[in-house]
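These numbers were taken from a predicted model, which means no experiment stands behind them. We number each residue from 1, following the sequence as shown.
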Amino acid sequence: MDRAYEVDDMGTNLTKMMDPSGRDDISILAMQRMFNHQPNGPATPVDMVLDYFIYDYEFAEPPSVTSLQNTHPLPTEADFGEDNHFVADQRGFESIIHYIGSSYLATDANGTISDRRVLLNKVVRQIAYNNRGVVVKTEDGSSYGADFVVVSTSLGVLQSDLIQFTPQLPFWKLAAIYRFDMAVYTKIFLKFPRRFWPVGEGKQFFVYASRRRGYYGMWQSFEREYPGANVLLVTVTGDESRRIEQQPDSVTKAEAVAVLRNMFPDADVPDATDIYVPRWWSNRFFKGSYSNWPIGVNRYEYDQLRAPVGRVYFTGEHTSEYYNGYVHGAYLAGVDSADILINRIFKNEEYEVRGKYDNQAAEAK
């Protein structure tokens, strides 16, 4: 572990010598090889799972496809600190949405958004746009006209065929959309009739060292947050997430319990009584969990992802210049996109697109 973090620090120092254009960028794996640290092969299961803990557990993708320059140092940790805090408030993130929305939308007595202008359970299938306005068509046959539209779907949805843009988005925009990866990060919760795992200081997390990278590797106990709940969380990512999403929950439950019995051979591990498996990748409204920064894409090229196309504007965590992949990134990106559109409406200011496709972007406007 000490060696892994030492090499990670070397990677951070290496990025200080890289050209900000991104032309010197390499993968995290390439950096590891430069410093003679190859935890993925030949390597022990312990080496692999510790590497997984440092990188996949954060970025949802392995070091081989993750940018070194844009993750070292990680802006979120540099600006907000490296500590992670588990929020045990059962109201969930939804309560934050209602709180923010209550400043400009009508709410009921419980503070829940009830504004009639907010239309729920509408599936957008087409966005038609020209220099006079936009028309949004939904799956139920409804149409909605507007001067502008802000598209806040996930990157995965933009990469799918759920929404048809008419006319098709220009090349520079499509290139930006398809250049990025939509990663898959799955938190599987298992409930047991009793606790069989150790608790106490330094025992909240368990790591399973398998010869198969990412196979039910990262476990977390909730005894501190929810005493007596007897719930464990296991995190999987990438190909393991996709595989698990496509199989019955009963199979996933059996696989996970088998791993626990390997981890705690002296304990009487009972069968799980319940399981919850999110399916972010299979769900057509998400098609993944969050975006991952590809190798060699600088922040100027990244701006193409946020840039509007005519009267069609874009926002979401994938458009956050520094905090993609995080909830605060999604929130701050929404603020930025709103400001961009407000400047267009009230000041007639065109958004200046940065990057290698400047000419095409200007022509599209």
Assess whether side-chain contact (heavy atoms from CB on, under 4.5 Å) is satisfied between T166 and I127, documenting all intermediate values. CA-CA 6 Å; T166 307; I127 298 176; over 6 Å; no
Test item: S154 side-chain N/O and F286 main-chain N/O as donor-acceptor pair under 3.5 Å: yes
Cation-pi check for F148 against R311: NZ or CZ below 6.0 Å from the six-membered ring centre and within 45 degrees of the axis, yes or no? yes
Would you kindly say whether S142 and D140 are connected by a side-chain donor-acceptor distance under 3.5 Å? yes
Test F206 against every option in F196, W219, F264 by the ring-ring contact (aromatic ring centres under 6.0 Å, His included) rule and name the one that passes. F264
Find out whether L233 and V231 are in side-chain contact, i.e. whether some heavy atom of one side chain is under 4.5 Å from a heavy atom of the other. no
Report yes or no: do V65 and F59 belong to one cluster of Ile/Leu/Val/Met/Phe/Trp/Tyr joined by side chain heavy-atom distances under 4.5 Å? no
Under 3.5 Å, is there a donor-acceptor pair between the side chain of H98 and the main chain of I113? yes
How about L155 and T319: do any of their side-chain heavy atoms sit closer than 4.5 Å? no
Shared ILVMFWY cluster between M218 and V259, side chains joined below 4.5 angstrom? no
To the nearest 0.5 angstrom, please state how far the CD atom of E77 sits from the NE2 atom of H72. 9.0 Å
Derivation of the side-chain hydrogen bond (donor to acceptor under 3.5 Å, both in side chains) call for D249 and Y276: CA-CA 8 Å; D249 287 355; Y276 175 65; over 6 Å; no
Looking only at the side chains, is there a donor atom on one of T66 and E61 sitting less than 3.5 Å from an acceptor on the other? no
Could you check whether S95 and D89, counting side-chain N and O atoms only, form a donor-acceptor pair closer than 3.5 Å? no
Do NZ/NE/NH1/NH2 and the carboxylate oxygens of E139 and R125 come within less than 4.0 Å? yes
Backbone N/O of F314 and side chain of S337: donor-acceptor pair under 3.5 Å: yes
L341 and N343: side-chain contact (heavy atoms from CB on, under 4.5 Å), yes or no, with the steps? CA-CA 5 Å; L341 181 53; N343 287 336; over 6 Å; no
Can you name the nearest heavy-atom pair linking I177 to Q159, along with the distance? O-NE2, 2.9 Å
Strictly by modelled atom types, are D79 and Y323 linked by a side-chain donor-acceptor pair under 3.5 Å? yes
Taking the side chain from N130 and the backbone from R132, do they hold a donor-acceptor pair closer than 3.5 Å? yes
State, yes or no, whether a side-chain contact exists between S27 and L68 at a heavy-atom distance under 4.5 Å. no
Got a sec, which pairs hit side chain to side chain donor-acceptor pair (under 3.5 Å) with one end in residues 229-238, sequence neighbours left out? Y52-T237
Rest of the hydrophobic cluster containing V184 (Ile/Leu/Val/Met/Phe/Trp/Tyr, side-chain heavy atoms under 4.5 Å)? W281
Partners of Y326 by ring pair (Phe, Tyr, Trp, His ring centres under 6.0 Å), sequence neighbours excluded? H328
Find out whether Q220 and V234 are in side-chain contact, i.e. whether some heavy atom of one side chain is under 4.5 Å from a heavy atom of the other. no
Locate the shortest heavy-atom distance separating L158 from Y178; write the atom from each residue and the value. O-OH, 4.2 Å
Check the side chains of D8 and Q32 for a donor-acceptor pair under 3.5 angstrom, ignoring hydrogens and angles. no
Assess whether a salt bridge exists between R3 and E6, defined as any Lys/Arg side-chain N lying under 4.0 Å from an Asp/Glu carboxylate O. yes
Donor-acceptor contact present, side-chain Q168 to main-chain L174, <3.5 Å: no
Just by distance, with hydrogens left out, do Y313 and R344 show a side-chain donor and acceptor under 3.5 Å apart? yes
Begin from the C-alpha positions of I244 and T186 and carry the test side-chain contact (heavy atoms from CB on, under 4.5 Å) through to its verdict. CA-CA 9 Å; I244 288 171; T186 309; 5.7 Å; no
Distance-minimising heavy-atom pair for I54 and A4: CD1-CB, 3.6 Å
Give a yes or no answer on whether the side chain of K191 reaches the backbone of A229 with a donor-acceptor pair at less than 3.5 Å. yes
Compute whether any side-chain donor of one residue and acceptor of the other, for S67 and D25, lie under 3.5 angstrom apart. yes
Between D47 and R213, is the closest basic N to carboxylate O distance under 4.0 Å? no
Could you list who else is in Y144's hydrophobic cluster, with ILVMFWY side chains joined at under 4.5 Å, directly or through other members? L119
Using modelled atom types and a 3.5 Å cut-off, is there a donor and acceptor pairing between side-chain atoms of Y55 and backbone atoms of L29? no
Fit a plane to each ring of F222 and F86, take the angle between them on a 0 to 90° scale, and name the class: parallel (under 30°), tilted (30 to 60°) or perpendicular (over 60°). tilted
Might you work through the side-chain contact (heavy atoms from CB on, under 4.5 Å) test for E58 and L74, ending with a clear yes or no? CA-CA 10 Å; E58 183 71 31; L74 191 63; 4.0 Å; yes
Closest heavy-atom pair and its distance - P39, H37: CD-O, 3.3 Å
Could you state whether Y57 and M263 fall into the same hydrophobic cluster, counting links through intermediate Ile, Leu, Val, Met, Phe, Trp or Tyr residues with side-chain heavy atoms under 4.5 angstrom apart? no
Flag yes if F205 and V87 sit in one hydrophobic cluster, no otherwise; membership is Ile, Leu, Val, Met, Phe, Trp, Tyr, and two members link when side-chain heavy atoms are under 4.5 Å apart. no
Any chance CG of N36 has more than 12 other-residue heavy atoms, nucleotides or ligands included, within less than 6.0 Å? no
Can you tell me how far NZ of K203 sits from CD of E223, rounded to the nearest 0.5 angstrom? 13.0 Å
Would you say the side chains of S289 and W280 form a donor-acceptor pair under 3.5 Å? no
Atom NZ of residue position K253 - does it have more than 12 heavy atoms of other residues, nucleotides or ligands inside 6.0 Å? yes
Has K173 got a side-chain atom pairing as donor or acceptor with L305's backbone, closer than 3.5 angstrom? yes
Check V257 against A272 and note the closest heavy-atom contact, atom names and distance. CG2-N, 3.9 Å
Looking at residues at least two apart in the chain, or sitting in another chain, which of them share a side-chain contact (heavy atoms from CB on, under 4.5 Å) with R224? E201, Q204
Hydrophobic clustering (ILVMFWY, side-chain heavy atoms < 4.5 Å, transitive) - are V7 and I26 grouped together? yes
Could you check whether any side-chain heavy atom of V327 comes within less than 4.5 Å of a side-chain heavy atom of F93, counting everything from C-beta outward? yes
For K287 and M182, which heavy atoms make the closest approach, and how far apart are they? O-CG, 3.3 Å
More than 12 foreign heavy atoms under 6.0 Å from CG of D108: is that the case here? yes
R243: side-chain contact (heavy atoms from CB on, under 4.5 Å) partners, not counting sequence neighbours: R212, Y215, Y216, E240, Q247, E255
Just wondering, more than 12 heavy atoms not from Y331 lying within 6.0 Å of its OH? no
For E317 and N324, test the side chains for any donor-to-acceptor distance below 3.5 angstrom and give the result as yes or no. no
Does N262 reach the main-chain N or O of P265 with its side chain, forming a donor-acceptor pair under 3.5 Å? no
Is it true that a side-chain atom of R261 and a backbone atom of V269 form a donor plus acceptor pair closer than 3.5 Å? yes
